[in-house]
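Heads up, the thing below is written out as structure tokens.
Owing to the predicted nature of the structure, the values given are computational and were not obtained by experimental measurement.
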Amino acid sequence: MAQSVKGTRDLLGNEMKWFQRIEDTARRIFHRHGYEEIRTPILEEIDVFKRSVGESSDIVNKEMYDFVDKGGRHVVMRPENTAGVVRAMIQHKLLATSDPRLLYYIGPQFRYERMQAGRYRQFWQIGAESFGVATPESEAESLVMLFDFLNELGLKHLKLSINSVGTPESRPAFQAAFRAFFEARQEAFCGDCHRRIAQNPLRVLDCKVPGCQTALEGHPRITDHLDEASRAHHARLKVLLEALGVPYEENPRLVRGLDYYTRTAFEVLSADLGAQSALLGGGRYDGLVSHLDGPPTPAFGWAIGLDRLASLMQQLHGDAPAPRPALLIPLGEAAALEAMALARKWWAEGCAVQVDTRGQGLKKALQTANRLGFARALILGDGEREQGVVAVKDLAAGTQETWPLDQVAQRLSTV
RNA sequence: GCGGAUGUAGCUCAGUUGGUUAGAGUACUGGAUUGUGAUUCCAGGUGUCGGGGGUUCGAGUCCCCUCAUCCGCCCCA
């Protein structure tokens, strides 16, 4: 039997309904904040990611879903969407002015990685990017929209965790201080951390080994080695978040993996997720656009995994609401034709109603209606047709009443 | 890329140191009820026991390979 490709899956039933609910909510909230949707190709030239993510990263080395196409082009199925959005902005010269650009995307992403629960080779992300504004105010705006979105989905127990990772100019001073701290107690750190201290020192800060976290007690803080502008930026963001009622906490060990990140980095944690509590992450990436040969442009953004979010919704709220208002059941050929005509009229009036086209008799039709979760069955037989009415059975209560045909549309939509 | 575990009906799961012709609940189909469902009663498909190979008189069971899923590590834009 044919099977979906490893790491990919079909979205159907209840999970698909949650995806729809989440996407609809995102679009509604984002639009009222002035964000516009952008869709970029799934395929990008490999350089887009090599130059944005960095050659040394594991993403480039082993996690990219890449191949050579029939024209000999080395292409990648995008592992994330930010680089593609930035590429598009540059290509279409949309960053040529200093005007702000607010964009969001919803789409599939690909990573060629080992399967685990909630981690797929094709997964879905929703993200928002803000280009052209370097202020803490723009970050607060983006974060407020994010929390509006999450709150609208009914997610509680959320915690915003923030830090500043400084700038390329201020980072060396911190790294020197941190290396000295590390070397003074290097025997306490794990093997991975010894590798990290050479390759990507900041990564030592979020090592998951308990011994390393203990050894990090009293470590130098990035926020103590910031340049004056970054320090003011960070302080201002905290003032804004407090004034706007966005609960946050400072996490001096929160870092980002890539060099182009600057200043603000954040994650949102959910107490409902257990140990793997990170729901999403983001931050400021003032260096990325120029990295990709665009005009120097400040940017801030975040992305959230739709698969994990849908799973969280299922866990918190159970099955997605799936209204099946009414099934129209005609009895006999003449009634079947009339039912189709009636349904067309009701559809035109905005009613949600389905027609049973199987012609298998009332008993089976009611069984089907009950199994599929319809609220009502509308029975149209010879007796009803003669009187110009329909028998309406409430499948939950078991009660039945008679509605005149010309009142059906109104009564269906009002109840 | 590294380490560990699990694959039996559509779904949730039993199955004895290898032994007759493979099970339960639920779901499904037909009938008691040809215009009244979800509750009852009866009758029944419930399956190449992931796939391939090997050992054996005999493999759901033991061995090897492979595929899929799950857990941990690495990593996480």
Side-chain angles (χ1 to χ4, degrees), chain A residues 1-9 13 44 48-54 56-64 76 78-86 109-121 123 125 127 129 190-193 195-196 199-200 203 206-209 255-261 265 267 275-276 278 280-283 285 287-288 291-292 299 301-305 308 327 329-332 335 356 359-385 390-400:
Chain A
M1 195 199 323
Q3 211 168 359
S4 56
V5 170
K6 182 184 178 75
T8 70
R9 66 211 176 95
E44 293 279 356
V48 171
F49 299 104
K50 278 195 173 177
R51 294 173 60 197
S52 67
V53 174
S56 66
S57 165
D58 258 21
I59 293 165
V60 169
N61 290 335
K62 69 177 189 184
E63 289 185 4
M64 285 212 294
V76 179
R78 62 185 187 206
E80 53 96 27
N81 221 147
T82 298
V85 169
V86 171
Q109 322 292 339
F110 301 82
R111 284 185 207 174
Y112 198 89
E113 66 178 348
R114 188 65 170 239
M115 288 291 300
Q116 257 180 54
R119 299 182 69 172
Y120 308 99
R121 288 184 173 178
F123 57 101
Q125 282 189 333
E129 318 281 1
C190 71
D192 285 331
C193 281
R195 183 176 49 75
R196 291 189 185 105
Q199 280 184 0
N200 198 347
R203 277 278 157 210
D206 63 357
C207 179
K208 273 178 277 189
V209 176
V255 296
R256 292 272 84 109
L258 306 180
D259 286 345
Y260 61 69
Y261 271 101
E267 289 178 356
Q276 300 244 331
L280 70 99
Y285 49 97
L288 180 57
H291 239 83
L292 290 172
W302 46 263
I304 183 168
R308 178 174 288 187
L327 180 66
I329 303 170
L331 302 172
D356 180 20
Q360 283 182 324
L362 184 59
K363 181 185 179 69
K364 295 213 54 82
L366 285 173
Q367 284 176 347
T368 304
N370 184 65
R371 192 161 51 238
L372 294 180
F374 281 94
R376 289 195 183 84
L378 276 51
I379 304 164
L380 185 68
D382 291 338
E384 285 81 7
R385 294 173 60 221
V390 65
V392 179
K393 188 178 184 72
D394 185 317
L395 290 172
T399 58
Q400 186 166 319

Once each nucleotide of nucleotides 31-36 of chain B is scored for protein heavy atoms under 4.0 Å, what B/S/- sequence comes out, 5' to 3'?
--B-BB

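- One N or O on the side chain of A:S52 and one on the backbone of A:V48 form a donor-acceptor pair closer than 3.5 Å.
- As rounded to the nearest Å, B:rA27 and B:rG45 have C1' atoms that lie 13 Å from one another.
- With contacts defined as side-chain heavy-atom distances shorter than 4.5 Å, the pair A:L331/A:D382 does not qualify.
- Rounded to whole Å, the distance from CG on A:L280 to P on B:rA77 is 12 Å.
- Side chains of A:P79 and A:E63 form no contact here, defined as non-hydrogen atoms less than 4.5 Å apart.
- Spacing of C1' atoms, B:rA77 relative to B:rG72, comes out at 23 Å, to the nearest Å.
- A:R9 comes within 4.0 angstrom of no nucleic acid atom, judged by non-hydrogen atoms across all strands.
- Residues A:D356 and A:T368 are not in side-chain contact: their nearest non-hydrogen atoms beyond the backbone lie 4.5 Å or more apart.
- Of all heavy-atom pairs spanning A:L292 and A:A83, the tightest one is CD1-O, 4.1 Å.
- When the C1' atom of B:rG37 is taken as reference, atom CG of A:D356 falls 13 Å away, rounded to whole Å.
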Return one dot-bracket line describing RNA chain B 5' to 3' (Watson-Crick or G-U wobble pairs, both distances under 3.5 Å; ( ) same strand, [ ] crossing, | another strand, . none).
(((((((..((((.....[...)))).(((((.......))))).....(((((..]....))))))))))))....

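- Here the straight-line distance linking atom CZ of A:R203 with atom CG of A:D192 works out to 12.5 Å at 0.5 Å rounding.
- When the C1' atom of B:rC74 is taken as reference, atom CZ of A:R203 falls 12 Å away, rounded to whole Å.
- Rounded to a whole angstrom, the distance from the P atom of B:rC41 to that of B:rU26 is 10 Å.
- For the C1' atoms, the distance linking B:rC64 with B:rU56 amounts to 16 Å, nearest Å.
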Table of protein N/O atoms under 3.5 Å from nucleotides 65-69 of chain B N/O atoms:
none

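- In this structure, the nucleotide among B:rC75, B:rG37, B:rA77 sitting nearest to the side chain of A:R119 is B:rC75.
- Between the C1' atoms of B:rG44 and B:rA9, the separation comes to 15 Å (whole Å).
- A:Y260 comes within contact range of the sugar-phosphate backbone alone, with a heavy-atom separation under 4.0 Å but no base atom that close.
- In plain terms, the two heavy atoms of A:G305 and A:Q125 that are nearest each other are CA-CG, 4.3 Å.
- For the pair A:R121 CZ and B:rC70 C1', the interatomic distance rounds to 15 Å; values are reported in whole Å.
- What separates CD of A:E80 from C1' of B:rC75 is a distance of 15 Å, to the nearest Å.
- Shown here are the side-chain hydrogen bond (donor to acceptor under 3.5 Å, both in side chains) partners of A:E267, two or more places apart in sequence or in another chain: A:R256.
- Within 4.0 Å of A:R196, counting heavy atoms only, lie sugar-phosphate atoms of the nucleic acid but no base atom.
- Counting to the nearest Å, the C1' atom of B:rC75 and the OH atom of A:Y112 are 16 Å from each other.
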Report each atom pair, protein N/O against N/O of nucleotides 40-45 of chain B, whose distance is under 3.5 angstrom.
none

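- A straight line from CD of A:Q109 to C1' of B:rC75 spans 17 Å, rounded to a whole angstrom.
- Side-chain atoms of A:R121 come within 3.5 Å of backbone N or O of A:E113 as a donor-acceptor pair.
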Please list, for nucleotides 26-29 of chain B, all pairs of protein and nucleotide N/O atoms separated by less than 3.5 Å.
residue, atom, partner, partner atom, Å
B:rC28, OP1, A:R371, NE, 3.3
B:rC28, OP1, A:R371, NH1, 2.9

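- Between the side chain of A:R111 and the base of B:rA77, at least one donor-acceptor pair of N or O atoms lies under 3.5 Å.
- For the pair A:R256 CZ and B:rC76 P, the interatomic distance rounds to 10 Å; values are reported in whole Å.
- As rounded to the nearest Å, B:rA14 and B:rG47 have C1' atoms that lie 15 Å from one another.
- At least one side-chain heavy atom of A:V390 sits under 4.5 Å from a side-chain heavy atom of A:V392.
- The two atoms that bring A:S4 and A:R9 nearest to each other are OG-CA, 4.4 Å, heavy atoms only.
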